[in-house]
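Report on the following structure.
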Amino acid sequence: MRTSHKIPTVVALDKISGHFTAGDRVGLIGANGAGKSTLLRIIAGIYEPSEGSVEVSGTILPILDIGVGFNPNMTGRENIRMQGMYLGYRPAAMERVAGEIEEFTELGNYLDLPVRTYSAGMQMRLSLGVATAMRPDILLMDEWLLAGDAAFLSKARERLEKFVANASILFIASHSESIIRQWCNKAIYLKGGKIACCGTVDEAMDAYQHDVLHQV
């Protein structure tokens with residue numbers, strides 16, 4: 001923490017640098033507060049870095065809070081359009097995929113009811129349907145997204161895996177070692193807002209686990 005003009009400020013990230021290209025699947029690992037979510041938001045353009053710059057080529061889809069953008073008083077169909085706008089897509093683009101989203105969610109006539117009448121599982125179906133309807137070049141994920149009732153889980157898993165595989169570059173922050181190992185070919189271990197290790201998944205995981213074991 002630094003103090004400027006008696007106002008305390010927190011340096012969330014410090015001296016972060018990297019270059020990534022098509023085919024990269026990058027896992028972000030580290031303890032809570034290490035800067036993983038902040039880094040995703042800077043790449044997405046949600047936060048502006050106080051120093052340095054981020055250069056991005058291609059469309060970005062940040063899936064950082066899947067429920068943000070829903071209006072509980074609007075219907076499911078209306079929220080499909082609203083959620084799409086929140087994710088940065090034009091209404092015309094959402095209209096083209098609306099039918100496919102409706103089919104995936106299996107919500108039927110519930111799509112004409114206000115979202116406030118939905119169960120948590122129904123809201124997750126709608127959120128996941130919208131979030132995975134587009135085809136971004138760069139996909140940013142804050143934790144792996146998968147939830148729902150048992151009958152829907154297999155369908156949701158298949159859709160999510162296909163969606164992730166289609167992205168040119170993936171950044172995913174997760175506490176799940178199995179998710180990082182399954183989906184990533186590179187990893188960044190963040191510690192106190194700095195890069196403690198950037199390399200293969202094995203290299204970053206070994207460094208992280210060593211620090212955890214020794215409480216460094």
Side-chain angles (χ1 to χ4, degrees), residues 1-69 82-90 93 127 130-132 134-145 163-164 166-177 179-180 183-201 203-208 210-212 216:
M1 179 176 292
R2 297 176 181 173
T3 301
S4 177
H5 302 295
K6 298 183 179 180
I7 299 176
T9 59
V10 175
V11 180
L13 295 171
D14 188 22
K15 297 180 176 65
I16 302 296
S17 179
H19 177 74
F20 302 93
T21 59
D24 284 340
R25 299 287 189 266
V26 186
L28 303 180
I29 62 177
N32 289 331
K36 302 184 297 297
S37 296
T38 300
L39 180 56
L40 289 176
R41 283 164 170 75
I42 287 177
I43 296 172
I46 298 172
Y47 295 164
E48 183 177 351
S50 56
E51 296 179 0
S53 62
V54 177
E55 295 183 10
V56 177
S57 177
T59 59
I60 296 180
L61 178 60
I63 303 181
L64 308 179
D65 189 339
I66 197 170
V68 170
M82 289 292 295
Q83 187 80 336
M85 291 174 64
Y86 169 75
L87 293 173
Y89 292 94
R90 296 180 181 277
S127 296
V130 174
T132 56
M134 312 311 292
R135 295 294 180 266
D137 298 312
I138 303 168
L139 177 60
L140 311 177
M141 296 179 68
D142 199 348
E143 289 296 349
W144 189 253
L145 305 174
F163 168 67
V164 172
N166 284 335
S168 179
I169 299 176
L170 167 70
F171 284 88
I172 179 169
S174 180
H175 289 287
S176 170
E177 181 177 345
I179 290 295
I180 297 295
W183 286 102
C184 302
N185 55 20
K186 297 180 179 180
I188 298 174
Y189 165 31
L190 290 172
K191 179 180 178 183
K194 297 182 178 182
I195 294 179
C197 180
C198 179
T200 66
V201 172
E203 290 170 341
M205 280 292 180
D206 286 348
Y208 179 42
H210 175 274
D211 285 357
V212 172
V216 176

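The nearest pair of heavy atoms linking L40 to M141 is CD1-O, 3.4 Å. The two atoms that bring T38 and A12 nearest to each other are CG2-CB, 3.9 Å, heavy atoms only.
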Exercise. Apply side-chain contact (heavy atoms from CB on, under 4.5 Å) to Y47 and L13, showing your working.
Key: CA-CA 12 Å; Y47 295 164; L13 295 171; over 6 Å; no

Quiz item: Given the rule in the side-chain contact (heavy atoms from CB on, under 4.5 Å) test, do D211 and Y189 qualify, once you have shown the distances and angles that lead to the verdict?
Solution: CA-CA 11 Å; D211 285 357; Y189 165 31; 2.8 Å; yes

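The backbone N or O of H175 lies less than 3.5 Å from a partner atom in the side chain of E143, making a donor-acceptor pair. Between the side chain of D24 and the main chain of T21, a donor-acceptor pair closer than 3.5 Å is present. A donor-acceptor pair under 3.5 Å is formed between the side chain of N185 and the backbone N or O of R25. A donor-acceptor pair under 3.5 Å is absent between the side-chain atoms of K191 and the main chain of A31, judged by distance alone.
For the pair I180 and Y208, the minimum side-chain heavy-atom distance is 4.5 Å or more. Between M134 and T59 there is no side-chain heavy-atom pair separated by less than 4.5 Å. C184 places a side-chain heavy atom less than 4.5 Å from the side chain of I172. Between L190 and I29 the shortest side-chain heavy-atom distance does not fall below 4.5 Å. A heavy-atom distance below 4.5 Å is not found between the side chains of F20 and I43. Residues I188 and I16 fail the side-chain proximity criterion, which asks for heavy atoms closer than 4.5 Å.
For M82, the CE atom sits in a loose shell: 12 or fewer heavy atoms of surrounding residues, nucleotides or ligands are nearer than 6.0 Å. Residue-environment remark: CZ (R90) stays at or below the threshold of 12 foreign heavy atoms within 6.0 Å.
Partner of I60 under the side-chain contact (heavy atoms from CB on, under 4.5 Å) criterion, chosen from I138, I169, L139: I138.
Atom CG of residue N32 and atom OG of residue S37 lie 8.5 Å apart, to the nearest 0.5 angstrom.
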